[in-house]
There are 2 protein chains.
Amino acid sequence: MNNPAVSAAPSTAERILDAAEDLFAAKGYSATSLGDVADRVGIRSPSLYNHFKNKEALYEAVLERLLAVFSAPLAELEGGPVTNERVFHWLETIVRQHHANPNLARLLQHAALSGGPHTNELIDRLFRPMFRPDAKIEGGDLTLFENSGLQPWAVMAFNNLVMSYVTMAPMYRDLLGQDPFSEAALENQLSLIKMLLRAVFEYKGGAAGAG
Amino acid sequence: MNNPAVSAAPSTAERILDAAEDLFAAKGYSATSLGDVADRVGIRSPSLYNHFKNKEALYEAVLERLLAVFSAPLAELEGGPVTNERVFHWLETIVRQHHANPNLARLLQHAALSGGPHTNELIDRLFRPMFRPDAKIEGGDLTLFENSGLQPWAVMAFNNLVMSYVTMAPMYRDLLGQDPFSEAALENQLSLIKMLLRAVFEYKGGAAGAG
DNA sequence: ATGAGAGGCGCGATTATTCACATTGCCCCG
DNA sequence: CGGGGCAATGTGAATAATCGCGCCTCTCAT
């Protein structure tokens, strides 16, 4: 009994992972010191080596835990027909996930900017599936959009929309005058993203034109 | 004569600024070492102190040079009536600027994630003007959209779109199979952004709805 | 020669990592 | 039941590398 995975007091290793996740996400791999991590947990830095081989292994473990959570929705989407409705639902799930835990987006952003260990693995596991060339939307008539060659750019744009909201949130806090992670802010962001997604689904062709 | 600002050989101070800009943008303030900067310039790190008081002053100078360039288009937009056409033109200018020099976006992203010196000043000078409550679009009939309360979110979204493209570019490089900063890629990104901006201008109300 | 700019040297702080050691709880054997 | 190990987990001290930064000297062009 007393299974530590079931809402019991978190183990030291888990508390280290929590602290490290926050710090890696905020400051990046190299700017995060093991002393900072240890301080948050309330132990001394050499004690970390009882739980993780070294700094890089700790970083790996943090990534692994996050990837397990965030890879799920895309796998689920691919488990069935890719219809408009299911894309909407998938996007909403992703947005809610990033609001619930902004750390993956932040880690990813650091990795994109500075590299760091396991960056290629991150790309492969999170993004590669979204850019597979055979990814088509069934049911709707998106052929016009698909043929425009803009589809990968759209995938990228919506990914940017979701991730950048999270990574830029600290800057937007006082510009918006409200907590970017509040329930109300989440609803607003969802409204906007869905409106833009509808625009893509209803794409009628034509480039830009200001008038 | 031999004015160093006019396409002559750049002075040492300018070469230091160039190197520091790239490194601060890639690795952030604290992860950038003055040794790295000096190496790029081809001098030893103590020599940097002949040109800049200390690391923070160097960072300040880098920011100042970037802000001078990137603040211009918004100031120009505000110099006249804010019409649909001029918003289109402003957005295109911004996108092209970020493609020409991705460093400001990257610097900003680091600041948003980790703080660092002068972050508040950055927010005030770049973003505050975009979120002024009296900012309205003249001419078009956007009242429906404005009344939806989503306007600041749209401003944020398009900012995210532009900045995140740049900050995530290293990750997208091999996913797209082409250089994200090529002319062709720029055109594609512009097409997509303009299409989404048109969707905002033609906003008809209504929330989401998948079918 | 004179002053700006480059380099050498080194101090003090921080970091990742290792090591020797203390403490704790648990299992097993007598 | 009791105690001898033993693994797990903590600690402080020590090490080697790196960093920001200041001091002092040298060099070279005007």
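Just so it is clear: chains get the letters A, B, ... in the order the sequence lines come, proteins before strands, and each one is counted from 1. A quick note: this is a predicted structure, and the numbers were derived from the prediction, not measured.
Paired with A:Leu23 under the rule side-chain contact (heavy atoms from CB on, under 4.5 Å), one option of A:Val37, A:Asn103, A:Val62, A:Leu34 passes, and it is A:Val37.
By the 6.0 Å and 45° rule, B:Lys55 does not stack over the aromatic ring of B:Phe24.
Spacing between atom CG of A:Leu48 and atom C1' of D:dG12 amounts to 15 Å, rounded to whole angstrom units.
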Between N or O atoms, less than 3.5 Å apart, protein on one side and nucleotides 16-22 of chain C on the other: list the pairs.
from: C:dA16; atom 1: OP1; to: A:Thr32; atom 2: O; distance (Å): 3.1
from: C:dA16; atom 1: OP1; to: A:Leu34; atom 2: N; distance (Å): 3.4
from: C:dA16; atom 1: OP1; to: A:Lys55; atom 2: NZ; distance (Å): 3.0
from: C:dA16; atom 1: OP2; to: A:Leu34; atom 2: N; distance (Å): 2.7
from: C:dT17; atom 1: OP2; to: A:Tyr49; atom 2: OH; distance (Å): 2.8
from: C:dT17; atom 1: OP2; to: A:Lys55; atom 2: N; distance (Å): 3.0
from: C:dT17; atom 1: O5'; to: A:Tyr49; atom 2: OH; distance (Å): 3.2

Are any protein N/O atoms closer than 3.5 Å to N/O atoms in nucleotides 5-10 of chain D? If there are, list each pair with its distance.
from: D:dG10; atom 1: OP1; to: A:Thr12; atom 2: OG1; distance (Å): 3.2
from: D:dG10; atom 1: OP2; to: A:His51; atom 2: NE2; distance (Å): 2.4
from: D:dG10; atom 1: N7; to: A:Asn50; atom 2: ND2; distance (Å): 2.7

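Checking B:His99 against B:Gln189 by side-chain atom types alone, a donor-acceptor pair falls below 3.5 Å. A side-chain donor from one of A:Tyr172 and B:Asn159 sits under 3.5 Å from a side-chain acceptor of the other.
Look at A:Asp22 and A:Lys27 and you find no salt bridge, because none of the NZ, NE, NH1 or NH2 atoms lies under 4.0 Å from a carboxylate O.
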**Item:** From CA spacing to verdict: salt bridge (charged side-chain N to carboxylate O under 4.0 Å, His left out), A:Glu78, A:Arg132
**Value:** CA-CA 11 Å; A:Glu78 290 179 330; A:Arg132 280 215 319 260; 3.4 Å; yes
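A side-chain donor-acceptor contact under 3.5 Å links A:His110 to the backbone of A:Ala26. A donor-acceptor contact shorter than 3.5 Å is absent between the side chain of A:Arg106 and the backbone of B:Leu113.
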